[in-house]
Amino acid sequence: MEYQDIIRDWKQQKFRPLYWLEGEEDFFIDQVVEYAEHQLLSEADKGFNLTVLYGKDTDWATVINACRRYPMFADRQVVILKEAQAMRDILKLEAYIDKPLESTVFVVAHKQGKIDGRSKMAKLIKDRGVMLSTKKLYDNQLPSWAEAYVRSQGLAISEKACILLADHIGNDLSRIANEIDKLLVNLPEGKKIDENDIEKYVGISKEYNVFELQNALGQQDMPKVMRIIRYFSANPKAAPIQMVIPALYNYFSKISLLFGVKGGEKEMAAALGVHPFFLKDYTAAARKFGPEGTERAILLLHQYNLRSIGINDAGNEDGELMKELVFRMLRP
């Protein structure tokens with residue numbers, strides 16, 4: 001079950017007595033908890049029937065006692081246990097989970113970890129309630145996720161705008177969602193979000209960003225590469241070297257995969273984990289660099305990543321390291 005499925009069921013007044021939310025992606029867990037805390041009960045009912053506990057500040061007995069209370073002047077009560085991973089003896093909740101009250105909606109937020117799926121408790125959770133087990137998205141899934149999030153809010157967004165957001169922010173769904181929400185507030189209804197909107201409201205330059213840098217490198221366009229690097233040097237917060245090097249490493253790693261892929265465009269796009277629309281950029285770069293040039297670029301990125309953290313480096317500025325790196329990539 002996805003987090004949207006839980007919220008959809010709640011909107012349709014379909015409830016289970018237990019919702020166990022666990023795993024690596026906090027955003028999905030937070031969405032469910034936020035809805036449970038603010039939307040499941042009316043304002044009048046919250047005073048009597050909403051209990052929010054924190055794992056580090058409570059114990060299993062307090063949690064069970066809260067869950068076993070009956071609702072006052074309402075059909076149900078809501079008990080939310082946040083930061084459940086910090087609670088001692090959490091496995092002692094098993095006694096309640098085995099026989100939960102149907103009038104209690106018990107929501108457990110167990111972040112950054114999972115209980116043993118083979119344990120008795122895990123089996124009870126799945127039998128008596130709903131278990132949401134979350135995973136971090138892969139980097140290549142972020143643009144599609146951003147597009148789906150925008151669509152769920154009733155708007156549309158261009159592919160390039162999605163990539164700009166994902167490349168600049170990285171694997172932080174909460175930050176991506178916050179930036180999209182900011183766009184929704186500022187843009188007129190029905191406006192399709194494009195790279196100009198990203199530049200204006202998010203502060204990501206549509207011309208000087210990591211996405212444009214990797215494309216310029218793939219085309220071996222030295223003048224454009226140096227313009228972007230100079231912009232990065234003058235605006236360190238726009239693209240710190242600690243963000244640029246991993247992005248370029250990921251880019252050249254995908255190019256290297258092309259040399260071993262058999263099949264057509266569909267197979268190549270699937271192997272790289274990119275949208276087919278962008279495949280031509282990778283194949284063009286593969287032709288420019290070849291297997292040896294691509295391998296050399298990856299080795300240089302590893303070397304300069306070490307230098308950026310002070311290993312085998314005499315203290316060069318990040319901008320100088322980037323200029324030297326791209327020059328050696330394009331002028332072996």
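Minimum interatomic distance between L93 and W60 (heavy atoms only, all atoms of both residues): CD2-O, 3.9 Å. Between K92 and I64, the closest heavy-atom pair is O-CD1, 3.7 Å. Closest approach of F252 and L301 over heavy atoms only: CD1-CD1, 3.9 Å. For K191 against L155, the heavy-atom pair with the smallest separation is O-CD2, 3.5 Å. Pairing each heavy atom of F259 with each of P291, the nearest pair is CZ-N, 3.5 Å. Shown here for A66 and T51, the closest heavy-atom pair between the two residues is CB-CG2, 4.3 Å.
The pair D5-R8 meets the salt-bridge criterion, since a charged nitrogen lies less than 4.0 angstrom from a carboxylate oxygen. We find that R128 and D98 are joined by a salt bridge, their nearest charged nitrogen and carboxylate oxygen being less than 4.0 Å apart. By the 4.0 Å N-to-carboxylate-O rule, R296 lies too far from E292 to be salt-bridged with it. A salt bridge links K224 with E212: at least one charged nitrogen is closer than 4.0 Å to a carboxylate oxygen. A salt bridge does not link D194 to K206: none of the charged side-chain nitrogens sits closer than 4.0 Å to a carboxylate oxygen.
Between L183 and I198, some side-chain heavy-atom pair lies under the 4.5 Å cut-off. At least one side-chain heavy atom of E37 sits less than 4.5 Å from a side-chain heavy atom of K82. Inter-residue side-chain proximity for Y149 and L173 is flagged as unmet; no heavy-atom pair is nearer than 4.5 Å. Looking only at side-chain heavy atoms (C-beta outward), Y19 and V105 come within less than 4.5 Å of each other.
Between Y3 and F28, the ring planes are parallel. Angles under 30° get that label, and only those over 60° would be called perpendicular. Aromatic ring orientation, F27 versus W145: perpendicular (interplanar angle above 60°, classes split at 30° and 60°).
Side chains of N215 and Y251: a donor-acceptor N/O pair is absent below 3.5 angstrom, by distance only. Between the side chains of N250 and S253, no donor-acceptor pair of N or O atoms lies under 3.5 Å.
Put simply, CD on E320 and CD1 on I241 are 10.5 Å apart, with the number rounded to the nearest 0.5 Å.
A donor-acceptor pair under 3.5 Å links the side-chain atoms of T104 to the main chain of C67, judged by distance alone.
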Verdict with supporting geometry, D9 and R16, salt bridge (charged side-chain N to carboxylate O under 4.0 Å, His left out):
CA-CA 10 Å; D9 283 351; R16 300 292 300 278; over 6 Å; no
